[in-house]
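The figures that follow rest on heavy atoms only: side chains count, while hydrogens, waters and symmetry mates do not. Each chain gets a letter, A, B and so on, in the order its sequence line appears, and its residues count up from 1.
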Amino acid sequence: MKKSHKFAIAGAVIFLTIIALVYTAFQQSSVYYMTVPELKSKGSSVMGQGLRASGQAKEGSIKYDSEKLILNFDVFEKESPDNIVHVTYKGIKPDSFKGEVEVILEGKYDPNENLFKATTLLVKCPSRYEGKTPPPGYKNEKPTEGGKVQ
Amino acid sequence: MIDVGRFALAISFFVSIYVIVVSLIGVLKKDVRMVASARRGIYAIFFLSSISVAVLLNAFFTDNFQVKYVSHYSEISLPGYYKFTGLWAGQEGSLLFWIWGMAMAVALVAFQNRKERDHRFLPYAYAILMVIYAFFAILASFMTNPFDLFPANQIPADGNGLNPMLQTYGMIIHPPALLWGYVGFAVPFAFAMAALITNELDPLWIKKTRRWTILSWILLSAGNILGSEWAYAELGWGGYWAWDPVENASFIPWLTASAYLHSVMIQERRGMLKVWNMFLVVVTFVLTIFGTFLVRSGVLQSVHDFGVSEMGPYFLTFMFAVIAASFYLIYYRWNDLKSDNQLESFLSRESTFLLNNVILLALAFATLWGTMFPLISEFVTGEKITVGPPFFNQVNIPLFLVLLIILGICPLIGWRKATAENLRKNFILPGVLAIVTAIALISSGMRDIYATLFFVFSVFVTVTIYMEFHRGVRARKKLAGEGVLKALGSLLWKNKRRYGGYLIHSGIIMIFVGITGSSAFNVEETQTLGVGEGLKIRDYTLRYEKIYFHRESNYDSATAVLTVLKDGKKQGIIEPEKRRYDKYAEEPTSEVAIERSLKEDLFVILASIHEGDKVTIRAKINPLINWYWIGGIVAFFGGLYVLLPEYKRKEEAEA
């Protein structure tokens, strides 16, 4: 066999291994990212799967047990404020968490109880700048993360 | 006064157009005076952009809140050194800072080559650098101008203040390092493209840009590591890397830059991989632009909103133009980019370099894929699919392991073709010590496969690096009859590239050790405590003594005092803090307390304060993490060492 063939085969093997590595990791760890209405309409098809979901925390629904570190609240999407999903999260309540803040949740959804069991809670910081709609480029550097960023 | 800054910036744009025109005329008409004029234009641009920066800084220090940018990122009570950082706290300012860095880099290039008359690629390189400059200058002058003013009757009395998360020492160095790292890569890119245009493809352009490549790489590395130190000490979630899009954006060009740094050595030495190097230099440059775009445009940082920034389309257009033009040039010169030599054997240093390149590119690809996938999937299927840290870890950890192994094997294998005997001789000592380490780790109860492998190969690589030094010193002792220290000194002095490189590799090993220890063996506890109660974490107990409140210039603070007991013995006190900045009262921030040692960090956060002075405390132990920072420092100095002027007499004799 010619040397150049050998190198070509070695290269192909390495390339395929890397593709396989990316592919399997992707199969195992990719998750759907849904809004609250999407959760409710497609919820039963993703039962037991890891999910990401976004929504706004409902004012008045927030209950926090600071001894056991359990946070319960409801989330909704701006367009349909009455369409809610209950959330339970075990961990520290992030400082910036309060009614009406936008949150990103990671965890699993149980459509029977309409309950999202969150393992991660990220709070998107409300805009700190002028006006109600922040001009482009004035977004905060990073969302704060419940139990992570405070 | 502010108008001076605005005009200087705008004029610099027109000067850059002038430079583009005269350098092209100069090179086409072979008119040296034109090129000289272009060079003076470049100096003028540096002068003009410096004025702009000075004006903006002056506005920060004089609390000129009529300037919108200043009012957004500063306030009267902000400490002076943080007013300085306001320059790069937001989009407009960081763009101006980028421009200024670019102007400085080009001015330096022009100055370095001021006596050069023979090479046609220089004027082209100036023109290309000025095209890049002009693009950013247009954006800064006409799209997001840092000198925009409020109307005279609407000047705010005080500014909005700087985001508290940016009010930390790390933020003074991290952004400039990263931005300058990005800027620096424009130089090798421009030279490479110029060499393609003029068909002067001998390694001269590589020699001329070698220091720029290394300097940019050092700055990129420092920027990344300082950024993770910032995340660790300031964001307070106990880690330092989360595969966040913003982090990935600066990590991906670092990977391709590292690949380029290595493969270009093969081109210099063996005249191979010419197309590949061109490809890498283009990709790295585009990725630095892409990084700037990702971080500042709001495409991904807002986690799910796409495209709020009006700059997005301009950046994308620019990137595609760069890619199209440079790939066309590579295609156009394809036949002139043929290799002078072929790979001769799997067991050669060339092939380990090549494998290193493949792995680094695979890391870059996987990271880019994971970062961009939510956008791609939504665009293609309408459904948003995301990947988190598990994806990046699952793909990248094995790749990093391979990279570590190559790092150890590479110096053991000679150029072109290694013999079996030479391999056996070189592998015995590191191999044996690695096996001993493996046995020791497993018998002491370590069960984490990856962690064990990383530690074992770290030992392997460390031994190979030591052997390199040892062999060199022994040879000099014999040859020159020098003592050990003198031999080591002259070895290091006369082969800066080689031994500086090994120094960088030692730093990388320490970084691997730090990452492995802290990610595989950390422990964490969270508990709500009343005064006098204790939180137990491994062999530590943290006893909550009291909480006190105080006031600083622009924030209120609450500090919990905890006594640290290790195995019942008092070690000292630790004081995590919570702050409420005046301008950000809605969002309190945590100041982490960290007890650092070479063995481990004790990381304590005051998570929340309840009635009756009860507090929730989160504590974490991060083993070996300080080797991550130490490794970063070692690699940094290794890089600086490589940058020192080379020893002239036997330049070709190294390696």
Side-chain angles (χ1 to χ4, degrees), chain A residues 3-4 6-7 10-11 14-15 17-19 21-22 24-26 28-35 38 50 52 54 64 66-69 91-96 98 101-102 104 106 120 122-126 128-130 134-150, chain B residues 72 90-92 144 160 163 165-166 235-239 242 244 246 296-298 301-304 308-311 342-344 346 355 358 362 365-366 369-370 373-374 383-388 390-391 394-395 398-399 526 528 578 583-584 586-590 605 607-608 610 614 616 618:
Chain A
K3 221 175 246 168
S4 58
K6 270 196 209 165
F7 283 111
I14 293 169
F15 184 73
T17 314
I18 289 165
I19 294 295
L21 190 65
V22 173
T24 50
F26 191 77
Q28 287 169 24
S29 56
S30 62
V31 294
Y32 281 105
Y33 191 164
M34 292 180 166
T35 59
E38 281 173 334
R52 244 177 187 226
S54 61
Y64 181 51
S66 62
E67 291 283 331
K68 288 180 190 145
L69 302 172
I92 299 165
K93 180 171 74 103
D95 293 318
S96 46
K98 58 182 191 289
V101 295
E102 273 195 72
I104 295 162
E106 282 172 8
T120 317
L122 291 114
V123 176
K124 295 219 284 175
C125 293
R128 298 157 176 177
Y129 305 102
E130 49 171 4
Y138 289 102
K139 291 255 169 178
N140 301 309
E141 286 299 290
K142 289 184 182 197
T144 51
E145 191 164 336
K148 288 193 171 178
V149 181
Q150 301 286 312
Chain B
H72 288 143
Q91 177 170 277
E92 296 88 340
T144 56
N160 293 10
N163 186 328
M165 284 194 231
L166 302 182
L235 296 186
W237 53 279
D244 176 279
V246 173
R296 289 294 171 201
S297 71
Q301 68 194 354
S302 52
V303 191
H304 76 236
V308 278
S309 168
E310 49 190 296
M311 296 213 313
Q342 296 293 315
L343 265 185
E344 290 176 36
F346 282 119
L355 188 58
V358 171
F365 168 75
W369 177 259
F373 198 79
E383 267 176 339
K384 207 168 241 182
I385 296 173
T386 66
V387 294
F391 168 79
Q394 204 177 334
V395 176
L399 291 175
T526 306
T528 302
K578 188 129 248 166
K583 295 285 153 60
Y584 294 86
E586 295 287 300
E587 295 156 40
T589 58
S590 294
I605 301 158
S608 46
H610 315 291
K614 279 190 162 191
T616 304
R618 221 175 120 235

Of all heavy-atom pairs linking B:F391 and A:V22, the shortest is CE1-O, 3.7 Å

Residues B:T528 and A:S66: closest non-hydrogen pair is OG1-O, 2.6 Å

> Should A:E67 and B:H610 be marked as a side-chain contact (heavy atoms from CB on, under 4.5 Å) after you check the CA-CA gap, both sets of side-chain angles, and the distance that decides it?
Replying inline: CA-CA 10 Å; A:E67 291 283 331; B:H610 315 291; over 6 Å; no

With chain A, the option among B:T144, B:L355, B:L399, B:V395 that has the most non-hydrogen atom pairs under 4.5 Å is B:V395

Applying a strict 4.5 Å limit to non-hydrogen atoms, the region of A:E38 in contact with chain B is neither

Cut-off 4.5 Å, heavy atoms of chain A, and the answer for B:T616 is side chain

query: Has B:Q342 got more than 12 heavy atoms of other residues, nucleotides or ligands less than 6.0 Å from its CD?
result: no

If one checks every heavy atom of A:L21 against chain B at 4.5 Å, the contacting part turns out to be both

Here the gap from B:K384 atom NZ to A:R52 atom CZ, rounded to the nearest 0.5 Å, amounts to 10.0 Å

* Asked: If we only count heavy atoms from C-beta on, is the A:I18 to B:V358 side-chain gap below 4.5 Å?
  -> yes

One should read off an interatomic distance between A:F26 CZ and B:F373 CZ, to the nearest 0.5 angstrom, of 3.5 Å

Is any side-chain heavy atom of B:I385 closer than 4.5 Å to a side-chain heavy atom of A:Y33? no

When every non-hydrogen atom of A:S29 is compared with those of B:Q394, the smallest separation belongs to OG-OE1, 4.5 Å

